[in-house]
Amino acid sequence: MSFKVTVEPAGYSFEVQPGQSVLDAALEAEIVLPYSCKGGGCSTCKGKVLEGEYEAGEAPQHILEQHELDEGFTLMCQAHPKSDLRIESPQARLTTDIQIRKLPARVLELEKLADDVMRVVVQLPPSQPFMYYAGQYIDFILRDNRRRSYSMANPPQENNQIELHIRHMPGGAFTDYVFGVTEPALKERAMLRAEAPFGSFFLREESDKPLVFVASGTGFAPIKAIVEHMKNKNIQREVRFYWGGRRPKDLYMMDLAQQWEQTLPNFTFVPVVSDALADDNWTGRTGFVHQAVMQDLPDLSGWEVYACGAPIMVESAQKDFVEHCGLDVAVFYADAFTSEADLVE
Ligand SMILES: Cc1cc2nc3c(=O)[nH]c(=O)nc-3n(C[C@H](O)[C@H](O)[C@H](O)COP(=O)(O)OP(=O)(O)OC[C@H]3O[C@@H](n4cnc5c(N)ncnc54)[C@H](O)[C@@H]3O)c2cc1C
Ligand code: FES
């Protein structure tokens, strides 16, 4: 038996079929609720159930706080309705122009941007324009049907080429292959199976509020896509971009970010390094990247935040910005780069 879910305050509604999660059914109905990992590991899809019965699964117990569970919050990627539901999701929006598709992807370029970051350019079939929102991600489907997600680092291009920034996680099934730790290594001209676009990490253009972008490591990739999109569309909102890494080498495209600061109106770039070595001769900001934001902008009411990268950074940023800097949680947009090891089975 299917159940109807109504999303407040927008009033959108959709049907959930047996076995479907609330998130999957919403996406099928072209309604984007906030989400990132789709696997119960990141809490981006956290939403409040106002009315109705549902099966929550195990994951909320592990990653939500007790007071959130008590207030009716759950993870929409794990929730299965047992009756009609009314849920609250101020970030929900319609996307009738974007279609999720399975596609072959041919590797065009492999370039090391740092010892542990690879720039990978893939060609999607040129026959049909591949549409997505700058900031969204692509899934590669491995031989055993496991998936790995990577944020697209460029806005849509006429030639259907996609740039990715992939960080090596030693022992990782896919990135050991990309970095040639396991043989045969990923090579130019290799074909990968992909499905895209996914995610709710894209610029909400209806707003003209000033923006904080905060990234750690390869969390730079979707920020790059969004900044290039803003440049193409001549969107001149104020941007403060904070990019954090352990060492200066983790900020693997620092020149590009500095160039944005010099050429884009209202754009500030703040690199932040947490564990510089003496040899690095680092004279810039130090510490955790989200704390640098809080030092500079103790009052974030009136700002919108886009945070991307390590799950711990994204989680701390949301918690601290909302609790200590007055940020409205409805305008905290995030992609947490969870890995399979973070997901609760
Ligand atoms: C929405 C989204 C966007 C993303 N975008 C990017 C991006 O743009 N760039 C990027 O670099 N990454 C991104 N990621 C992360 C990416 O999807 C992968 O998780 C990452 O590349 C690791 O994949 P892997 O197959 O190499 O490692 P996995 O096989 O998933 O392993 C990850 C790590 O965990 C360890 N491990 C594996 N299994 C276990 C276990 N059972 N117990 C303990 N440790 C274990 C491995 O040794 C390895 O170090 C994104 C993730 C999400 C959800
Ligand atoms: S999208 Fe549901 S927990 Fe990550």
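Atom set for the values below is all heavy atoms of this structure, side chains included, hydrogens, waters and symmetry mates excluded. Both counts, for ligands and for their atoms, begin at 1 and track the order of listing.
Between Tyr132 and Phe130, the ring-plane angle classifies as tilted under the 30° and 60° cut-offs. Taking the six-membered ring where tryptophan is involved, the planes of Trp260 and Phe241 are tilted, since the angle between them lies from 30° to 60°.
Asp84 places a side-chain N or O within donor-acceptor distance of the main-chain N or O of Lys4, the cut-off being under 3.5 Å. No donor-acceptor distance shorter than 3.5 angstrom exists from the side chain of Ser21 to the backbone of Gln78, with no hydrogens or angles considered. Asp280 contributes no side-chain N or O that, together with a main-chain N or O of Trp282, makes up a donor-acceptor pair within less than 3.5 Å.
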Please assess Tyr333 against Phe201 for the test ring-ring contact (aromatic ring centres under 6.0 Å, His included), listing each intermediate value before the final yes or no. CA-CA 6 Å; Tyr333 303 99; Phe201 192 72; 8.1 Å; no
Side chain to side chain contact (heavy atoms under 4.5 Å, CB included) between Val214 and Val305, worked out: CA-CA 8 Å; Val214 48; Val305 175; 4.1 Å; yes
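For atom 2 (Fe) of ligand 2, the N/O/S atoms of Cys45 include one lying under 2.8 Å. Not one N/O/S atom of Cys77, from backbone or side chain, sits under 2.8 Å from atom 4 (Fe) of ligand 2.
For the pairing with Asp176, the side chain to side chain contact (heavy atoms under 4.5 Å, CB included) check across Glu183, Met169, His168 returns one residue only, His168.
Ranking the protein heavy atoms by distance from atom 25 (O) of ligand 1 puts Arg148 NE, 2.4 Å first. Among protein heavy atoms, the minimum distance from atom 35 (C) of ligand 1 is reached at Ala341 CB, 4.5 Å. Here the protein heavy atom with the shortest distance to atom 1 (S) of ligand 2 is Lys38 N, 3.2 Å. For atom 9 (N) of ligand 1, the closest non-hydrogen atom on the protein side is His165 O, 2.9 Å. In this structure, the protein non-hydrogen atom closest to atom 33 (C) of ligand 1 is Met169 CE, 3.8 Å. Ranking protein heavy atoms by distance to atom 27 (O) of ligand 1, first place goes to Gly172 CA, 3.1 Å. Closest to atom 14 (N) of ligand 1, if we only count protein heavy atoms, is Ser149 O, 3.2 Å. In this structure, atom 53 (C) of ligand 1 lies nearest to the protein heavy atom Thr338 OG1, 3.5 Å. When hydrogens are left out, the protein atom nearest atom 10 (C) of ligand 1 is Thr218 OG1, 3.4 Å; that is the closest non-hydrogen contact.
Counting heavy atoms closer than 4.0 Å to ligand 2, residue Cys37 contributes atoms from both its backbone and its side chain. By the criterion of a heavy-atom distance under 4.0 Å, the backbone of Pro170, and not its side chain, is placed next to ligand 1. With a 4.0 Å cut-off on non-hydrogen atoms, Ser339 touches ligand 1 through its backbone as well as its side chain. Using a 4.0 Å cut-off between heavy atoms, Ala59 makes no contact with ligand 2 at all.
For the atom pair Thr338 OG1 and Lys38 NZ, the distance stands at 11.5 Å (nearest 0.5 Å).
Of all atoms in ligand 1, numbered sequentially from 1 with element shown, those under 4.0 Å from a heavy atom of Glu340 are 30 (O). Residue Thr175 approaches ligand 1 through these ligand atoms, each under 4.0 Å from one of its heavy atoms: 21 (O), 24 (P), 26 (O). Those atoms of ligand 1 with a heavy atom of Gly171 less than 4.0 angstrom away are 46 (C), 47 (O). Taking a cut-off of under 4.0 Å to the non-hydrogen atoms of Ala173, the atoms of ligand 1 that pass are 24 (P), 25 (O), 26 (O), 27 (O), 28 (P), 29 (O). Applying the 4.0 Å criterion to heavy atoms of Gly40 picks out, from ligand 2, the atoms 3 (S). Here is the list of ligand 1 atoms found below 4.0 Å of a heavy atom in Ser36: 1 (C). Those atoms of ligand 2 that come under 4.0 Å of a heavy atom in Cys42, given as number and element, are 1 (S), 3 (S), 4 (Fe). Of all atoms in ligand 2, listed by their number and element, those nearer than 4.0 Å to a heavy atom of Ser36 are 1 (S). Counting the atoms of ligand 2 from 1 in the order shown, those under 4.0 Å from a heavy atom of Gly41 are 3 (S). Distances below 4.0 Å separate heavy atoms of Ile166 from the following atoms of ligand 1: 11 (O).
Under the 3.5 Å distance criterion, with hydrogens and angles disregarded, no donor-acceptor pair is assigned to the side chains of Asp139 and Tyr150. Residues Gln20 and Glu28 bring a donor and an acceptor atom of their side chains to less than 3.5 Å of each other. Between the side chains of His290 and Gln318, no donor N or O sits under 3.5 Å from an acceptor N or O. In this structure, a donor-acceptor pair under 3.5 Å is absent between the side chains of Glu228 and Asn232.
Nearest approach of Ser151 to Pro222, heavy atoms of both residues: CB-CD, 3.5 Å.
Between Arg146 and ligand 1, not a single N/O pair is under 3.5 Å apart. Ligand 1 has no N or O atom lying under 3.5 Å from any N or O atom of Tyr137, backbone or side chain. Ligand 1 has a nitrogen or oxygen under 3.5 angstrom from a nitrogen or oxygen of Ser151. When only interatomic distances are considered, the shortest N/O to N/O separation between Asp335 and ligand 1 does not fall below 3.5 Å.
In this structure, Ala336 counts as a contact residue of ligand 1, since one of its heavy atoms falls inside 4.0 Å of the ligand.
Distance remark: protein heavy atom not present below 4.0 angstrom from atom 42 (N) of ligand 1.
Judged by the 6.0 Å distance and 45° axis criteria, Arg240 is not positioned over the aromatic ring of Tyr242. Cation-pi contact between Arg93 and Tyr133: present, with separation from the ring centre below 6.0 Å and deviation from the ring axis of at most 45°. The cationic atom of Lys46 (NZ for Lys, CZ for Arg) lies less than 6.0 Å from the six-membered ring centre of Phe73 and within 45° of the ring axis.
Taking the six-membered ring wherever Trp is involved, the centroid distance between the rings of Phe332 and Trp303 does not fall below 6.0 Å.
For atom 20 (C) of ligand 1, the choice among Phe174, Phe337, Tyr150 with the nearest heavy atom turns out to be Tyr150.
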